[in-house]
Amino acid sequence: MHKLVLIRHGESTWNLENRFTGWTDVDLTPTGVSQALSAGRLLAAEGWAFDLAFTSVLRRAVHTLWHVLDAMDCSWLPVLKDWRLNERHYGALQGLNKADMARQYGAEQVLLWRRSYDTPPPALQADDARSERADRRYAALAAGSVPLTECLKDTVARVLPFWNDAMAPAIRSGRRVLVAAHGNSIRALVKYLDGVSESDIVGLNIPNGIPLVYELDADLQPIRHYYLGDAQAAAQAAAAVAAQGSA
Ligand SMILES: O=C(O)[C@H](O)COP(=O)(O)O
């Protein structure tokens, strides 16, 4: 059996302000740092150890990983950063307040943008100052492949190749893997691992900073999954994420 640990970044500044974030590179709040340190201490206390970590190229996930590894006294751990673990791109919603959007467009429309499988938010214009196309961290991507918006289906389409190319081979080889990522890139991976339907994925919300353990068989099929620590607290935190899209 293999064990894979996934963790969404701790609270970010735009989580706190309830703003759509996507690829905007905001940092953690002090609460987010505390969540990451607590997760690391919990993992250490329960005897977890890792051989390799994966994360995105966004600082809220990278810094979460730093704090988790620091709390586990293994800041030396090899880390592979890849844009394919980035949060789903939120398009022209990036920077806008989620409750304001619910008041302006209705909670149902915001739910579709946040949680549906194939309804993308309105796209950024390519010349929008918020576009990441000039960001040198994405310079290796083919021209025009830096997204201007993404639905979850688009996120799955880039997370899965990274799973198949990097994460799954590492796990199959027996390396103990930790992944620090984002709410929707984790939703994309969970959808694949658990075979969640396009309708059921709407109900999945990932809380900030709580380790999510996947026990996988030899074929990397899930046996079970659970949050470390207080299960009720994790459920309440996930419900709070869902509520962020309310007016
Ligand atoms: O990108 C964001 O806005 C958040 O990190 C995730 O947002 P969501 O929970 O509204 O999808």
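Each ligand, and each atom within it, is numbered from 1 in the order the structure gives.
- Look at G183 and you'll find every heavy atom at least 4.0 Å from all atoms of ligand 1.
- The ring pair (Phe, Tyr, Trp, His ring centres under 6.0 Å) pairs that include a residue from residues 217-238 are Y214-H225, where partners are two or more places apart or lie in different chains.
- Nearest residue to atom 7 (O) of ligand 1 from R114, K98, E87 is K98 (criterion: closest heavy atom).
- Looking at E11 against ligand 1, nothing comes within 4.0 Å, counting heavy atoms.
- Smallest separation of non-hydrogen atoms from A92 and A123: CB-O, 3.7 Å.
- Among protein heavy atoms, atom 11 (O) of ligand 1 sits closest to Y90 OH, 2.5 Å.
- On a distance-only criterion, F20 and ligand 1 share no N/O pair closer than 3.5 Å.
- Not a single heavy atom of R187 lies less than 4.0 angstrom from ligand 1.
- Comment: E150 engages R158 in a salt bridge, judged by a side-chain N to carboxylate O separation of less than 4.0 angstrom.
- Other residues, nucleotides and ligands contribute more than 12 heavy atoms inside 6.0 Å of the CD atom of E17.
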Please list, one pair per line, the donor and acceptor atoms closer than 3.5 Å that link side chains of residues 66-75 to other protein atoms, with sequence neighbours excluded.
none

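- Between D25 and R59 there is a salt bridge, since at least one side-chain N of the basic residue sits less than 4.0 Å from a carboxylate O of the acidic one.
- Residue R19 approaches ligand 1 through these ligand atoms, each under 4.0 Å from one of its heavy atoms: 3 (O).
- By the 4.0 Å heavy-atom criterion, N15 is counted among the residues contacting ligand 1.
- Looking at T21 next to ligand 1, an N or O pair under 3.5 Å apart turns up.
- For the residue pair S56 and L58, the shortest heavy atom distance occurs at OG-N, 3.1 Å.
- Heavy-atom minimum distance, R187 versus L152: NH1-CD2, 3.8 Å.
- Against a heavy-atom cut-off of under 4.0 Å, R8 is close to the following atoms of ligand 1: 4 (C), 5 (O), 6 (C).
- When all heavy atoms of K98 and Q244 are compared, the pair lying nearest together is CB-O, 3.4 Å.
- Atom 1 (O) of ligand 1 has as its closest protein heavy atom G22 N, 2.8 Å.
- Annotation for ligand 1: atoms under 4.0 Å from non-hydrogen atoms of V241 are 9 (O).
- For R115, a nitrogen or oxygen atom sits less than 3.5 Å from a nitrogen or oxygen atom of ligand 1, counting backbone and side chain alike.
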